[in-house]
Amino acid sequence: MLKRQDIKLNSSGKVSCLLLLLLAFLMINPITTPASALEAEEDANYDGQISTQADSGVAISFTPSSGSASLTPTTSDGASAKINVSANIKIASTGGYTIYLGANNSALTGAASKQTIPAATTATTFANMKTNTWGYAYAEGSSVPDTATYSALPQGQGTSLESKSGNQTNVNKTYAISFATKIGNDKPADVYSNQATLSVTSSPLQVTWDTMTEMQQMTTAICDSVSTPSTSITDVPSKQLKDTRDGKYYWVSKLADGRCWMTQNLDLDLSTSKTLTSNDSDVASWTPEYTTATTASDSTILLDNSGQRSWSLGNYRITNPTVSSNCGYPKNNVSQCTSQFTAYNTPTTANSDANAHYIIGNHYQWSAATAGANGSICPKGWQLPESSSTAAGTFGGLVNTYSIKTSVTKLTSAPLYFVRGGYVSQTSSGLFMNAGSAGHYWSSTPNTNGKNAYSSSFYNADGVSSVVTTERSVGYSVRCVAR
């Protein structure tokens, strides 16, 4: 019978899922049947409840949920009975698993009499089972064959039904398990029972650069495991990963500075009703003061250097990334800059379209980009780059590594793909400005004056400034680098 489900995480990091099955064999004396035996049978036949204590991605179920059988010996040789159950094991994802079956005790024990039925000492078929013994047999699939042999079920974790190594997803296994006994007429009428445990130990999925599918799976070790490319644009390891916070996909690349970068602008909409936490973001806990605006207007002006405004000014990509073409100002959104931008939605699948590199994304005030100066709005495992003119993992480091010097064309071409996305000014005469000609990106580094922060900017054909001090109130683009 299905009794309960316990899930635990042991010190090795493996997830263990246990399911307990109560086996009850009711032996009925043909002359007299004590009331205690019938009461015991009634107690044994119950529908079990599953209680999940942790989300392991491992699920076990028995069919049927009861595990009882009655037998009435009429001779000294006794009578035999079987309990047949189907066990289904599902594992969402695993780096390797083992399925075990074990018993709580070596013998069946009478509930009232406390007499025992020991386990079989040698493997035997059901037909040839010795009197006053019990055993088990199993087979993968829906049934145990009639020719199966029954053996003693080991105590504790028990015997391994199956063990597989390596990354796997959507594992679905079914086992037929049969428990059998032969009880002689010399045993009193009683409910003879034992508790069997089906358990699964599952190692965490071993995520690698090749297998990861989500931004939040990125780690320093994964990035370090990928060979650092040369400054050529043809050998750059790149892929699209999903941000689990909103389902949007971003291009990421291992670049020649030895770091993994987003090679696409962040397009995360913020909301006052959604708190970012360390579960999926680069901050312990932060709730935005403002929901992302969909237009740059007087109502969104916030001349506050601790302000947390953000803007989503339309789903567009720049049409000619390497060509400077100024949309001018004041503008309210990207739809007013159709000479520079083409309508394009941030992908919600890995579509392999290189055009996604050039999505304009959102604009953020510095205190929004840094999640209230407590971290950043980057996905978990990523961060805003610090400000430096040469260090790896900074805009200045990329300019230095790729010998950009003053060439905006190099900065906006593969493999860097920076976007001339303009910025949001905090004046009525400015609003959305210079889209198509200039790009501006926040770093995580504040200026000690408390009003400014450092950023990186480029404009026209030859204006490249990798370290710039800027008022925190303006709305700039964001790109993240892996930790």
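Side-chain atoms of Leu276 and Arg245, non-hydrogen and from C-beta on, do get closer than 4.5 Å to each other. Here the side chains of Tyr344 and Ile360 are not in contact, with every heavy-atom distance at 4.5 Å or above. Side-chain contact between Asn88 and Lys90: present, with at least one pair of heavy atoms (C-beta onward) separated by less than 4.5 Å. Residues Tyr97 and Val58 fail the side-chain proximity criterion, which asks for heavy atoms closer than 4.5 Å. Looking at heavy atoms from C-beta onward, Gln365 lies in side-chain contact with Leu302 at the 4.5 angstrom threshold. The side-chain heavy atoms of Arg420 and Phe341, taken from C-beta on, include no pair separated by under 4.5 Å.
At a cut-off of 3.5 Å, with distance as the only test, a side-chain donor of Ser428 or Asp298 sits close to an acceptor on the other residue. In summary, the side chains of Thr445 and Ser387 do not present any donor paired with an acceptor at a separation below 3.5 Å, with no hydrogens or angles considered. Between Thr319 and Thr342, the side chains place a donor N or O and an acceptor N or O closer than 3.5 Å (distance only, hydrogens not considered). Checking Gln340 against Tyr316 by side-chain atom types alone, no donor-acceptor pair falls below 3.5 Å.
Aromatic ring centres of Phe458 and His440 lie farther apart than the 6.0 Å criterion allows. Close placement of the Tyr441 and Phe418 rings is indicated, their centers lying within 6.0 Å of each other. Proximity of the aromatic rings of Trp261 and Phe395 is defined here by a centroid distance below 6.0 angstrom, and this criterion is met. Not less than 6.0 angstrom separates the ring centroid of Phe432 from the ring centroid of Tyr329.
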Exercise for review: Could you give me the CA-CA distance, side-chain angles and deciding distance for Arg483 and Asp282, then say whether salt bridge (charged side-chain N to carboxylate O under 4.0 Å, His left out) is met?
Suggested key: CA-CA 10 Å; Arg483 286 189 170 277; Asp282 182 42; 2.7 Å; yes
Point to revise | Stepwise side chain to side chain contact (heavy atoms under 4.5 Å, CB included) test for Lys410 and Leu416 | key: CA-CA 8 Å; Lys410 287 184 179 180; Leu416 303 181; over 6 Å; no
Check your understanding: Checking side chain to side chain contact (heavy atoms under 4.5 Å, CB included) for the pair Val464/Asp462: CA distance, chi angles, key distance, verdict?
Key -> CA-CA 6 Å; Val464 177; Asp462 56 1; over 6 Å; no
Practice item. Starting from the C-alpha separation in whole Å, work towards a yes-or-no answer on side-chain hydrogen bond (donor to acceptor under 3.5 Å, both in side chains) for Ser299 and Ser297. Key: CA-CA 5 Å; Ser299 64; Ser297 63; 2.8 Å; yes
Review point. Could you go step by step and tell me if Asp353 and Asn351 meet the side-chain hydrogen bond (donor to acceptor under 3.5 Å, both in side chains) rule?
Key: CA-CA 5 Å; Asp353 186 356; Asn351 62 4; 4.6 Å; no
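A cation-pi contact, defined as under 6.0 Å to the ring centre and within 45° of the axis, is absent between Arg309 and Tyr364.
Side-chain atoms of Asp246 never come within 3.5 Å of backbone atoms of Leu268 as a donor-acceptor pair (strictly under, hydrogens ignored). Ser143 places no side-chain N or O within 3.5 Å of a backbone atom of Pro145 that could act as its donor or acceptor partner. A distance-only check finds no donor-acceptor pair linking the side chain of Tyr423 to the backbone of Ser477 [under 3.5 Å]. A donor-acceptor pair is defined here as one N or O able to donate and one able to accept, closer than 3.5 Å; such a pair exists between the side chain of Gln216 and the backbone of Thr244. Side-chain atoms of Ser271 come within 3.5 Å of backbone N or O of Ser273 as a donor-acceptor pair. Between the side chain of Asn449 and the main chain of Asn452, a donor-acceptor pair closer than 3.5 Å is present. In this structure, the side chain of Thr412 engages the main chain of Thr409 through a donor-acceptor pair within 3.5 Å. Thr401 places no side-chain N or O within donor-acceptor distance of the main-chain N or O of Leu398, the cut-off being under 3.5 Å. At distances below 3.5 Å, at least one donor-acceptor pair connects side-chain atoms of Gln240 with backbone N or O atoms of Ser352. For the pair Asn345 (side chain) and Pro347 (backbone), a donor-acceptor distance under 3.5 Å is absent.
Atom NZ of Lys173 sits about 5.0 Å away from atom OH of Tyr175, to the nearest 0.5 Å. Taking OG1 of Thr349 as the reference point, atom NZ of Lys242 lies at 11.0 Å (rounded to 0.5 Å). The structure places CZ of Arg317 at 9.5 Å from CD1 of Ile359, a figure rounded to the nearest 0.5 Å. Put simply, OG on Ser253 and OH on Tyr417 are 7.0 Å apart, with the number rounded to the nearest 0.5 Å.
Listed by first and then second residue, the disulfide (SG to SG under 2.5 Å) pairs that reach into residues 297-348 are Cys327-Cys337, sequence neighbours excluded. Listed by first and then second residue, the ring-ring contact (aromatic ring centres under 6.0 Å, His included) pairs involving residues 198-251 are Trp251-His357 (not counting sequence neighbours).
Every residue two or more places apart in sequence or in another chain that forms a side chain to side chain contact (heavy atoms under 4.5 Å, CB included) with Thr228 is listed here: Lys254. Scored by the ring pair (Phe, Tyr, Trp, His ring centres under 6.0 Å) test, Trp311 finds no partners at all (sequence neighbours excluded). For Ser339, the side chain to side chain contact (heavy atoms under 4.5 Å, CB included) criterion is met by no residue, not counting sequence neighbours. For the side chain to side chain contact (heavy atoms under 4.5 Å, CB included) test, residues two or more places apart in sequence or in another chain that qualify with Thr211 are Asn167, Val207, Thr208.
Salt bridge annotation for Arg259-Asp257: absent, with no cationic side-chain nitrogen under 4.0 angstrom from a carboxylate oxygen. A salt bridge links Asp267 with Lys248: at least one charged nitrogen is closer than 4.0 Å to a carboxylate oxygen. Salt bridge annotation for Glu471-Lys451: absent, with no cationic side-chain nitrogen under 4.0 angstrom from a carboxylate oxygen. Under a 4.0 Å N-O distance rule, the pair Arg472/Asp304 does not qualify as a salt bridge.
Other residues, nucleotides and ligands contribute more than 12 heavy atoms inside 6.0 Å of the NZ atom of Lys239. The neighbour count for Asn172 CG, taken as heavy atoms of other residues, nucleotides or ligands under 6.0 Å away, is above 12. By the neighbour-count criterion of 12 heavy atoms within 6.0 Å, atom CD of Glu386 is sparsely surrounded, having that number or fewer from other residues, nucleotides or ligands.
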